[in-house]
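Take a look at the structure below.
Sequence lines set the chain letters: A, B, ... in the order given, protein chains first and strands last, and positions in each chain run from 1. Note: hydrogens, waters and symmetry copies are ignored here, and every other heavy atom, side chains too, is used.
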Number of protein chains: 2
Amino acid sequence: MRIGELAERTGVSIRSLRYYEEQGLLKPARGANGYRDFSAEDVNRVARIQLLYSAGLRSSCISEVLGCVSGDGSEPYAEPAPDLVAELTTVRERIVRQMGELGDSLVVLDRILGAAHGPAGVGRS
Amino acid sequence: MRIGELAERTGVSIRSLRYYEEQGLLKPARGANGYRDFSAEDVNRVARIQLLYSAGLRSSCISEVLGCVSGDGSEPYAEPAPDLVAELTTVRERIVRQMGELGDSLVVLDRILGAAHGPAGVGRS
DNA sequence: ATAAAGCCTCACACCGACGTGAGGGTCAAG
DNA sequence: CTTGACCCTCACGTCGGTGTGAGGCTTTAT
């Protein structure tokens, strides 16, 4: 599939997809015309990339992580390098902490929002 | 208290504190010498600012939120403007979504980390 | 008095993911 | 053949929070 289609399917901009390739996160084949040729698996791969980005990992790190995840990513892994393990452990801790902070922020926001329309309970999501 | 002390107490850089003032998040008094003079409450205020930053709010939004929180922020609020309520609601949804994504990312990371040192359980934080 | 430390105001640098536009090929439809 | 849609590669712009350095005050300690 070509880049436009992948963009449409994933909801990610064309620019971003090119950027992902530039960062080594995607390695599409190339047609004789120079066009990128993405596989069907790349749809999932892009989803995982986005997920990890949203977790605050930078692309260099995502690249290593994805190197440990095979094709559809549903189950298997290769051996993670020891350095990577250390880094990911740090990242893991950061994520846990960040989730806590987000929870706290939510409390703050809900206080404000609660004040907005009186003492009645805020619509729970 | 002067900026250096506040920086030390909050763990936030001097540069950032000046930036917060520039964004209207802090309004320190000024001594005759031009030095900023922060109040004791500002320590809490800075903590809240950091919290909201980590939740992904930009300073313009934080400024409005803090406008609804009185002194020590422990309980009360002023009336939030209706526009602000709408924005915060959006932000709230984003945060909830983001927490979900972080949780998913955690699962991905734990899979990798689980593969790192064999089938034994991962050290639970 | 003199040095050291803390403060001040610009104002430019940086990072990371992405927008955007220029300039130019490729390809299917009319 | 031409139009229009899609693709390509640079390469610079943006945004937000922060680092950093210049140039110059005030205050504190010796």
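- A:Arg94 CZ: more than 12 foreign heavy atoms inside a 6.0 Å radius.
- Counting non-hydrogen atoms under 4.0 angstrom, A:Arg15 reaches a base of the nucleic acid.
- For A:Tyr35 and C:dG25, a side-chain-to-base donor-acceptor distance below 3.5 Å is present, hydrogens and geometry of angles not being considered.
- Within the 4.0 Å cut-off from OP1 or OP2 of C:dT9, at least one side-chain nitrogen or oxygen of B:Arg30 is found.
- Counting to the nearest Å, the P atom of D:dC12 and the OH atom of A:Tyr19 are 17 Å from each other.
- Salt-bridge check for B:Arg18 with B:Glu22: failed, with every basic side-chain N at 4.0 Å or more from each acidic carboxylate O.
- Spacing between atom CG of A:Leu25 and atom C1' of C:dC18 amounts to 14 Å, rounded to whole angstrom units.
- B:Arg2 has no side-chain polar atom (N or O) that falls below the 4.0 Å cut-off from OP1 or OP2 of C:dA5.
- For the side chain to side chain contact (heavy atoms under 4.5 Å, CB included) with A:Arg36, the lone residue among A:Met1, A:Glu21, A:Arg2 that qualifies is A:Glu21.
- For A:Arg48 (side chain) and A:Ile62 (main-chain N/O), no donor-acceptor pair under 3.5 Å exists by modelled atom type.
- The side chain of A:Ser59 contributes no N or O atom lying less than 4.0 Å from OP1 or OP2 of C:dG16.
- If you find the closest nucleotide of DNA chain C to A:Asn33 and to A:Tyr20, the one lying nearer the 5' end belongs to A:Tyr20.
- Spacing between atom CZ of B:Phe38 and atom P of C:dG6 amounts to 16 Å, rounded to whole angstrom units.
- As a whole-Å value, the separation of B:Ile3 CD1 from D:dC25 P is 20 Å.
- In this structure, A:Arg18 reaches the bases: a heavy-atom distance under 4.0 Å links it to at least one base atom across the strands shown.
- At whole-Å resolution of the value, CD in B:Gln23 and P in D:dC15 are 13 Å apart.
- One interatomic measurement links the two molecules: CD1 of B:Ile49 to C1' of D:dG16, which rounds to 15 Å at whole-angstrom precision.
- One side chain, B:Gln50 or B:Tyr20, offers a donor N or O that lies under 3.5 Å from an acceptor on the other.
- Comparing A:Gly4 and B:Ser13 by the nucleotide of DNA chain D whose heavy atom lies nearest to each, the residue mapping closer to the 5' end is A:Gly4.
- Atom pair A:Ile14:CD1 and C:dA17:C1' shows a separation of 17 Å (rounding to whole Å applied).
- For the pair B:Gln50 CD and D:dT18 C1', the computed distance is 11 Å after rounding to whole Å.
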